[in-house]
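Working notes for the structure below.
So that the names make sense, note that chain A is the first sequence line, chain B the second, and so on, each numbered from 1. Any value given below was found using the heavy atoms of this structure, including those in side chains, with hydrogens, waters and symmetry copies removed. Small disclaimer: the values here were computed from a predicted structure and weren't measured.
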Amino acid sequence: MPEPLGPDTLDGIMVSPKPRVRFAPSPTGELHVGGARTALFNWLFARKHRGVFLLRFEDTDVERNRPELVEPILESLRWLGLEWDEGPYFQSQRLELYREYAQKLWEEGKAYPCYCTPEELEAKRRQALAEKRTPRYDGTCRHLTPEERRRFEAEGRRPALRFVSPGEGTTVVEDVVRGPVEFRNEEIDDFILVRSDGRPTYNFAVVVDDLTMGITHVIRADEHLKNTPKQILIYRALGAELPVFAHVPMVLAKDRTKLSKRHGATAVFEYRERGILPEALVNYLARLGWSYGDQEIFSREELIEKFSLEGIHPSPAIFDEEKLLWLNQHYLKTGDPQRLGRLVREFALKRGFLAEEEAEEIPEERWARAVELFRERKRTLVELAEAAVPLLTERVEYDAKAVTKFLTSEKAALLQELSGHLESVPNSEWTAERLEREIRGWLAERGRELKELAQPCRVALTGVTRGPGLFETLEFVGKERTLRRLRQAPQASPPSPAGS
RNA sequence: GGUCCCAUCGUCUAGUGGCCUAGGACGCUGGUCUCUCAAGCCGGAAACAGGGGUUCGAAUCCCCUUGGGACCGCCA
């Protein structure tokens with residue numbers, strides 16, 4: 001038996017009902033970061049107030065609707081950890097419900113059939129624009145006589161259902177993040193509730209759904225603020241109570257326009273593929289347009305505890321990848337190496353940095369250790385995987401410039417010599433500490449400094465000039481592979497006598 | 001064009017009339033550490049869009065201007 005949606009009582013005292021919120025994407029594209037943030041705010045609000053977070057797909061537009069996108073959107077939400085409590089519902093499966101409500105409105109004289117064709121409407125719209133007037137429906141079909149209607153029906157015209165707008169007075173949206181926003185009703189024309197083919201339009205379906213699903217707080221993107229007075233009018237016509245509205249500002253690209261494909265990565269999936277951690281994206285998104293004092297780092301639990309609609313800013317925010325990357329590194333640096341190691345392995349495989357057979361030979365511990373070695377110098381899982389592979393496998397790519405600079409014949413000879421010396425260190429004592437003692441002592445005997453050896457050695461071992469500490473690298477690469485690379489690393493070609 | 005929204009460093013923001021000589025974070029930058037690169041630590045440059053009010057006092061309240069954005073569909 002589901003709980004009733006009405007007010008709860010606690011020791012006889014009325015308390016507000018459990019909040020019910022929703023995220024309602026339309027399956028016309030992948031989940032982008034703006035949508036993800038809207039979903040996150042809804043989810044946080046629900047978790048904080050122990051309410052219900054539900055999912056609903058607004059898929060009444062058959063032309064643009066792409067059912068195959070539903071699962072990827074769900075997958076994005078799962079990846080972000082925004083699990084839903086109800087749904088997903090599909091508007092396309094609730095058509096009968098909208099029909100009932102439309103019928104009711106019609107019977108009560110709050111809506112009327114309109115026989116204007118899209119072509120006629122388009123012509124009027126163009127004319128209005130040409131005359132620099134705001135295009136609005138002129139109410140042609142509002143006062144049709146029964147005879148006129150019959151004539152249109154006889155012509156085979158299928159009517160759309162239009163809402164009877166008040167045309168005067170004002171409608172005020174009491175928005176939690178913006179305060180009261182006033183709209184003059186004369187700006188609102190007799191908009192369409194149900195298309196001539198029987199499918200509801202967005203504004204109508206949303207109201208019927210939010211109403212019947214018991215939604216108490218509508219938290220959605222700013223672009224819907226302009227729709228809200230229309231929706232309020234429908235609520236009133238239905239004799240229903242209004243939910244609380246909270247319109248969250250848009251997420252903008254660097255050029256201050258709506259984030260879109262041409263701005264590069266916008267989809268949640270793209271960030272996942274680039275090796276961004278979900279906790280980093282969540283933290284970043286939460287802090288984008290919302291703040292809690294000066295705090296920058298929030299665990300999921302802290303977000304739930306500290307989130308509030310009042311903390312949302314009214315102004316739009318620009319998506320800054322640099323800061324996301326910084327947060328990602330923070331979570332790389334503080335995360336569990338075992339878990340991160342598994343992720344790095346996955347990325348190395350997926351990006352083709354190594355083959356499945358090679359990966360099989362590498363124990364989980366090695367990946368975890370690789371994470372520890374590289375996480376202070378890499379910002380994404382992909383970068384980390386790429387850097388770790390040369391130390392984990394036989395795949396070293398020697399950077400030509402590094403070789404030229406550091407693997408001179410003199411240094412190569414030194415490395416040869418070193419490898420001979422290191423031969424005596426037993427496998428069981430092949431540790432950073434032991435190797436450091438060994439090498440520093442060896443250098444001291446020769447009156448040489450670590451400086452002279454470190455870079456050549458690093459390049460011979462890893463192919464590149466940057467990386468973890470030398471001794472840790474030596475330990476991690478392991479005795480056998482280290483000795484081999486010290487002996488077999490490529491050498492800089494000697495400078496030509498002509499000095500070209 | 002109409003309607004609506006927005007306005008503190010390049011970016012995210014603290015700030016709710018005196019604590020502001022405007023704080024933090026990212027980024028940038030100088031230094032430090034050092035076997036490299038990072039990370040860390042210490043320091044620096046960097047903002048209240050402009051103009052009028054209100055007030056003893058304004059980043060904070062009001063108005064105008066300017067600038068940005070969103071929406072103007074039988075799309076959502």
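The interatomic distance linking A:His313 (NE2) with B:C5 (P) rounds to 19 Å, in whole Å. A straight line from CZ of A:Phe319 to C1' of B:C26 spans 13 Å, rounded to a whole angstrom. Spacing between atom CD1 of A:Ile297 and atom P of B:U13 amounts to 16 Å, rounded to whole angstrom units. Between the CG atom of A:Leu384 and the P atom of B:A38 there is a distance of 16 Å, given to the nearest Å. Distance, A:Leu129 CG to B:G2 C1': 10 Å, rounded to whole Å. For the pair A:Lys333 NZ and B:C26 P, the computed distance is 10 Å after rounding to whole Å.
Using a 30° and 60° split on the angle between ring planes, A:Trp326 and A:His330 fall in the tilted class, from 30° to 60°. The aromatic rings of A:Phe152 and A:Tyr115 sit parallel to each other, their planes meeting at less than 30°, with 60° as the upper class boundary.
Checked by distance alone, A:Arg178 brings no side-chain donor or acceptor within 3.5 Å of a matching partner on the base of B:C5. Contact of A:Ser196 with B:C74 (side chain to base): a donor-acceptor pair of N or O atoms is detected under 3.5 Å. Looking at A:Lys323, its side chain comes within 3.5 Å of the base of B:A25 through a donor and an acceptor atom.
At the phosphate of B:U36, neither OP1 nor OP2 sits under 4.0 Å from any side-chain N or O atom of A:Lys405. Proximity of A:Thr60 to the phosphate of B:A76: a side-chain N or O atom is located under 4.0 Å from OP1 or OP2. Considering only side-chain N and O atoms, A:Arg37 lies nowhere under 4.0 angstrom from the phosphate OP1 or OP2 of B:C12.
When the nearest nucleotides of RNA chain B are assigned to A:Glu436 and A:Pro25 by heavy-atom distance, the more 5′-ward of the two goes with A:Glu436. Of the two residues contacting RNA chain B, namely A:Val181 and A:Gly469, the nearest-nucleotide position lying further toward the 5' end is that of A:Val181.
Using a 4.0 Å heavy-atom cutoff across all strands shown, A:Glu296 reaches at least one base atom of the nucleic acid. Among the atoms of the strands shown, only primed sugar atoms or phosphate atoms (P, OP1, OP2) are found under 4.0 Å from some heavy atom of A:Gly293. Nucleic acid contact for A:Ile318: sugar-phosphate only, since backbone atoms but no base atoms lie under 4.0 Å from a heavy atom of the residue. Residue contacts for A:Ser291: at a heavy-atom cut-off of 4.0 Å it reaches the sugar-phosphate backbone alone, with no base atom in range. If you check every strand for non-hydrogen atoms under 4.0 Å, A:Lys254 touches nothing. Base contact: A:Cys116 has a heavy atom under 4.0 Å from a base atom. Note on A:Leu453: nothing from the nucleic acid sits closer than 4.0 angstrom, heavy atoms only. Base contact: A:Pro118 has a heavy atom under 4.0 Å from a base atom. Nucleic acid contact for A:Thr28: none, since no nucleic acid atom lies under 4.0 Å from a heavy atom of the residue. If you check every strand for non-hydrogen atoms under 4.0 Å, A:Asn227 touches a base. Within the 4.0 angstrom heavy-atom criterion, only backbone atoms of the sugar-phosphate kind lie near A:Gln329; the bases stay farther away. Using a 4.0 Å heavy-atom criterion, one finds that A:Arg287 contacts the bases of the nucleic acid, with or without backbone contacts as well. Residue-level contact check: A:Arg136 touches neither bases nor backbone, having no heavy atom under 4.0 Å from any strand. At a threshold of 4.0 angstrom between heavy atoms, the contacts of A:His224 include nucleobase atoms, whether or not backbone atoms are also involved.
If you run side-chain contact (heavy atoms from CB on, under 4.5 Å) between A:Phe245 and each of A:Val177, A:Ile232, A:Val181, only A:Ile232 comes through.
Side-chain atoms of A:Arg446 and A:Glu417, non-hydrogen and from C-beta on, do get closer than 4.5 Å to each other. Between A:Tyr98 and A:Leu95 the shortest side-chain heavy-atom distance falls below 4.5 Å.
Here the nucleotide nearest the side chain of A:Asp320, chosen from B:A76, B:C26, B:G2, is B:C26. Among the nucleotides B:U36, B:C4, B:A70, the one closest to any side-chain atom of A:Arg377 is B:U36. Here the nucleotide nearest the side chain of A:Lys451, chosen from B:C74, B:C35, B:C6, is B:C35. Side-chain proximity of A:Leu470 to B:C35, B:C4, B:G27: nearest is B:C35.
A:Asp209 and A:Arg22 are not joined by a salt bridge, as no carboxylate oxygen comes within less than 4.0 angstrom of a charged side-chain nitrogen.
By the 6.0 Å and 45° rule, A:Arg287 does not stack over the aromatic ring of A:Phe298.
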